[in-house]
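Remarks on the structure that follows.
Both ligands and their constituent atoms are indexed starting at 1 by order of listing.
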Amino acid sequence: MKISVKAPAKINLSLDVLHKREDGFHEVEMIMTTVDLADRIDLLELKEDKILVEVSEGFVPNDSRNLAYQAADKLKQRYHIKKGVSIYISKNIPVAAGLAGGSSDAAATLRGLNDLWELGLSLDDLASIGTEIGSDVAFCVYGGTALATGRGEIIHSIASPPPCWVILAKPPIGVSTADVYRRLQVDKIQHCDTQKMIAAIERKDYKGICDNLHNVLEDVTFSLYPQVEHIKAQMKRFGADGVLMSGSGPTVFGLVEKESRVHRIYNGLRGFCKDVYAVRLISHPHS
Ligand code: ATP
């Protein structure tokens, strides 16, 4: 038996860091939403008791370092599953980009194996297993739009923003999330107004959303990689309604309401950046 599952990318409409915790993690407040740039995960049941991973991108690990492998392994251990699985990951989401590609692959693997192995687990069960793999996995299990708190693993689903285009541009660098958090000076942060953003989303106030986009990690990543700030400025100049870096970067996204503007912004960015995507928000969460 074989099934395919979509693993969509996320963007952060806001990302705030409240303080550093005793356990070394940062306490965050993030609003995340899902976009229709997705990896595809093919799961094929194996009679032999083993996990095989194959990835379309050569530089993503195909062993136990792969987050999809870890997802399958956690399920096997916890539910004493003696069957195996072959996981093929067709990568479309750029890697180490701030788009939670690996986390989404893990979440899609959890959802897919829940069906393939007929485990009957709820999304809450899968999210709690996902949290052991990475902070963004729980959000990716649910999809849709959510406020994430704690270290990012406590998910409160919220209404979806009004439909719009999202242009993503990723400069050819990979950013280490750990490095960005290490360099962040928590006492100097200008905090987000998260409640204002939630209120704008709930009112379907597109302009209010654009006006409240805010990511406190931008300054750190911009100081390390000035080209990320340059892409943000260019995207704004080409006519995006609101522009922000996603996660710890380096991907920058722009929200665009008018379809007629999408081509101009896309083509303008393609002039100096290879990885540019024009996608839509996905408003519905996974069921
Ligand atoms: P986040 O936004 O959650 O910080 P990211 O988009 O910045 O994530 P990923 O694309 O998830 O970063 O990749 C980060 C690292 O995780 C990569 O360097 C890669 O080696 C490793 N990794 C493990 N599994 C995967 C996977 N299935 N897809 C991509 N990267 C993976």
Taking all heavy atoms of T131 and all of A138, pick out the closest pair and write down the distance.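 Where T131 meets A138 most closely, the heavy atoms are OG1-CB, 3.7 Å.
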
Do you know the tightest heavy-atom contact between A240 and I265?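 Reported closest heavy-atom pair: N-CD1, 3.5 Å.
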
Can you tell whether the side chains of E48 and K82 come within less than 4.0 Å, N to carboxylate O?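 No, no charged N to carboxylate O under 4.0 Å.
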
Electrostatic pair D49-K76, nearest N-O below 4.0 angstrom: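 So D49 pairs with K76 through a salt bridge.
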
Does [X] reach ligand 1, in the sense of a heavy atom lying below 4.0 Å from it?
X	answer
K10	yes
S103	yes
K91	yes

Pairs in or reaching into residues 260-272: which pass side chain to side chain donor-acceptor pair (under 3.5 Å), with residues at least two apart or in two chains?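 Of all non-adjacent pairs touching residues 260-272, those that pass side chain to side chain donor-acceptor pair (under 3.5 Å) are D241-R261.
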
So which pairs with a foot in residues 14-39 pass side chain to side chain donor-acceptor pair (under 3.5 Å), sequence neighbours left out?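 Sorted result for residues 14-39: D16-H191, R21-D23, R21-E27, E29-T194, T33-T145, D39-K91.
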
Geometric N/O contact [X] with ligand 1, under 3.5 angstrom:
X	result
V95	no
S248	no
A100	yes
F59	no

Which ligand 1 atoms are under 4.0 Å away from a heavy-atom of [X]?
X	value
A97	5 (P), 6 (O), 7 (O)
L99	2 (O), 6 (O)
D105	26 (C), 27 (N), 28 (N)

If you measure from each non-hydrogen atom of V60 to ligand 1, which part falls under 4.0 Å: side chain, backbone, both or neither?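 It is the side chain that touches ligand 1; the backbone stays farther off.
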
Residue, atom name and distance, where the atom is the protein heavy atom closest to [atom]:
atom	value
atom 13 (O) of ligand 1	A96 N, 3.6 Å
atom 23 (C) of ligand 1	R65 O, 3.4 Å
atom 11 (O) of ligand 1	G102 N, 2.8 Å
atom 24 (N) of ligand 1	L67 N, 3.0 Å
atom 3 (O) of ligand 1	D136 OD2, 2.6 Å
atom 4 (O) of ligand 1	T177 OG1, 3.3 Å

Just by modelled atom types, is the V220 backbone N or O under 3.5 Å from a matching donor or acceptor in the S223 side chain?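 Yes, the answer is positive, given that a donor and an acceptor are paired below the 3.5 Å cut-off.
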
Does atom 1 (P) of ligand 1 have a protein non-hydrogen atom under 4.0 Å from it?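 So far as the 4.0 Å threshold goes, atom 1 (P) of ligand 1 is in reach of a protein heavy atom.
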
For atom 26 (C) of ligand 1, state whether the nearest protein heavy atom is under 4.0 Å away.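 Yes.
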
Do the non-hydrogen side-chain atoms of P8 and H286 ever get within less than 4.5 Å of each other?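 Of all side-chain heavy-atom pairs linking H286 with P8, at least one is under 4.5 Å.
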
Between V35 and K10, is any pair of side-chain heavy atoms under 4.5 Å apart?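 Heavy-atom side-chain distance check fails, nothing below 4.5 Å.
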
Taking atom NZ of K83 as the centre, does the number of heavy atoms from other residues, nucleotides or ligands within less than 6.0 Å exceed 12?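 Atom NZ in K83 is crowded, with more than 12 foreign heavy atoms closer than 6.0 Å.
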
Under a plain distance cut-off of 3.5 Å, with no hydrogens placed, do Y69 and N62 share a side-chain donor-acceptor pair?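 No, Y69 and N62 have no side-chain donor paired with an acceptor closer than 3.5 Å.
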
Donor-acceptor side-chain pairing of H156 and T149 below 3.5 angstrom: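 There is such a pair between these side chains.
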
Closest to atom 5 (P) of ligand 1 (judged by heavy-atom distance), picking from S176, G98, P61: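 Among S176, G98, P61, the closest heavy atom to atom 5 (P) of ligand 1 belongs to G98.
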
